[in-house]
Amino acid sequence: MADVEDILKRIEAHKGVIGTVVVNGGGIPIRTTLDNSTTVQYAGLFRQLTTMARSTVRDIDPQNDLTFLRIRTKKHEIMVALENDFLLIVIQKPCE
Amino acid sequence: MFSDEASDSVTVESVWRKKHESHRDTRGCQTPAVSRCEAEIQSVSTSSSSSQTEPEQLRQPPPEAPEHPEPPGLGAFLQRVEELVVGELLRNSRSHAFDGFQVNWAEHRQLVSRLHLLQHPVAQETGLHVTCVSWSCTGSVVVCGYGRMDDGGWSTESSYVCSWNLDRRGLNPRQADLVIDVPTGVTALCCHPDRPALLAGGLYSGEVVVWDTSRTQDPVVALTGTSAESHREPVYQVSWVSLQKRGDFGVLSAGSGGRVLLWTLDSDQGRFVLDAAFAFVRQQVPHRVKTRGSSTVGVTSLALSPWDSDTFLVGSEGGLLLRCSFSSTTPAAVSSEGQSVTPRAPAVFSFRPCSGPVHSIHCSPFHRNLFVSAGTDGLAHVHSLLQVNPLLSLRVSDSYVFQVQWSPTRPLVFAAATGQGKVQIFDLGRRSLRPAATIEQGGAGHAATSLAFNAQNPHLMAVGNTDGTVGVWQLSADLSEQSPRESSQLEQIANQVAE
């Protein structure tokens, strides 16, 4: 669908966005703007991290669920939106 | 009578020719016979095999999947999530939540910790105070001078200059590596910026001495006598000044007799030659403030500007703070009989005076217009060279402040040694006016008289105390590593206009 590309392009056009990766339920990246090795690394590592974060949230409150994860590092901010096994990872450089 | 006679001819063999003939001899040799043998081998059984690679089946689909086979639900997922993600992106790009927030995973240590406490037992027994400390240019040797801070009259007790090498194995904090005996109390010390063995000192009697610590016999290289030219009052500051024309260094000394003298070293004859003299007289100070007292302005502190080799700053006993110039040509209004060099009046600009003697001034190594000064009023003033009034006045302690120094690595940090025995380290980048860290060395009743940052190892600092000890303290990375926006913050402070 053209929608998918449009949406991804709109997200990527935002100020400071370095790259985006879309990962499916099997941990395989299906759309990306980064190079191959980095994409594979992000996909694998964030799949693990989101699983752990999600189980943490659900352990604390079984009726709650994880919707969004933000990791702030020295160099940039990584945002992960997750739902139904899909993951959308966006890396943004905060403008100072 | 005469008859014919025939005699045989005589042959004389040539001895020379025989001598020059080489000695000849005949010899022969032959190699023994070479032994040979033959053997044969033959393989009994053979087999042959071969291998070949097969073309690999491409099992993994490439990450960039082709457009058309799209996993079901992807479009719907993205539509649901898009708004949320875009909202977060916008908010993040506008957020100031993390401004200035820095995490240091490497160190969790406390801000200051003491590494060594160096003492010289002989000086401690006689109750001498440490009056000045200095690091050598290599950063591994700390030198201190003993004397008395509270003496009113002349004292004839001898004192010491001690040095410890911190990088040596077997450092014994109770025994100095080198002890130099000095006839009177030492009031100022400065190590040479290039040659680690040279040390300049000012004494209570007004003499200026240069010691060469590499000489074992007699470390004194040059000594100004007590002549009409030299100081008659205690010398409160000595500094090595680089003399552009000759390329070597001279010694600038400031004494409470109101004179600042520039000496060059004549090491062959072991004496100083007076190169320039500056005298301060009340009438010649610009923007005169009406103060009582004698007409000479006793100099208690001196600072050289690392940015401008012509400028130096002077603080006096009466609280005056003056900017002076080496190249001034106005003759001073003092009698110059018996002097080889005519004294000049160097004061160019006068800052707002303090209410007590100015004990210490230091120019910022990061900004050409800033300097900090401190005196007996317990305040540390941050001044700009361009303005009369101080930009900032921080209350350091309730008693005297003996020394202030800017940190050599962090533009916004300076340390002050107080009469209550504590060294307060201030960070101008923090919004609060309280010190960032405090070093307490001696017990109550003792004052911290001097401090020195180590330019080579920026996490070390030496503090001298009136109980006769020199403490070497380690500063954490917070206090010694520069953070990104400090220079611009310093620039902002310097450009403020004082009210």
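Here is the naming used below: chain letters follow the sequence lines, and residue numbers restart at 1 for every chain.
Side-chain contact between B:N92 and A:R72 is present, with at least one heavy-atom pair separated by less than 4.5 Å. The closest side-chain heavy-atom distance from B:V85 to A:F68 is below 4.5 Å. Under the 4.5 Å side-chain criterion, counting only non-hydrogen atoms from C-beta, A:L88 is in contact with B:F77.
Residues forming a side chain to side chain donor-acceptor pair (under 3.5 Å) with B:Q403 (at least two apart in sequence, or on another chain): none.
The contact between A:Q92 and chain B is made entirely by side chain atoms (from C-beta outward), counting heavy-atom distances below 4.5 Å. In this structure, no portion of A:V80 lies under 4.5 Å from any heavy atom of chain B.
The structure places OG1 of A:T67 at 13.0 Å from CZ of B:R80, a figure rounded to the nearest 0.5 Å. A distance of 11.5 Å separates NE2 of A:H14 from CD of B:E88, quoted to the nearest 0.5 Å. Here B:L78 contributes atom CG and A:I11 contributes atom CD1; the two are 6.5 Å apart, rounded to the nearest 0.5 Å. In this structure, CZ in A:R10 is found 13.0 Å from CG in B:L89, a value given to the nearest 0.5 Å.
Along residues 361-371 of chain B, no residue comes nearer than 4.5 angstrom to chain A, judged on non-hydrogen atoms.
Atom CZ of B:R434 has 12 or fewer neighbouring heavy atoms from other residues, nucleotides or ligands inside a 6.0 Å radius.
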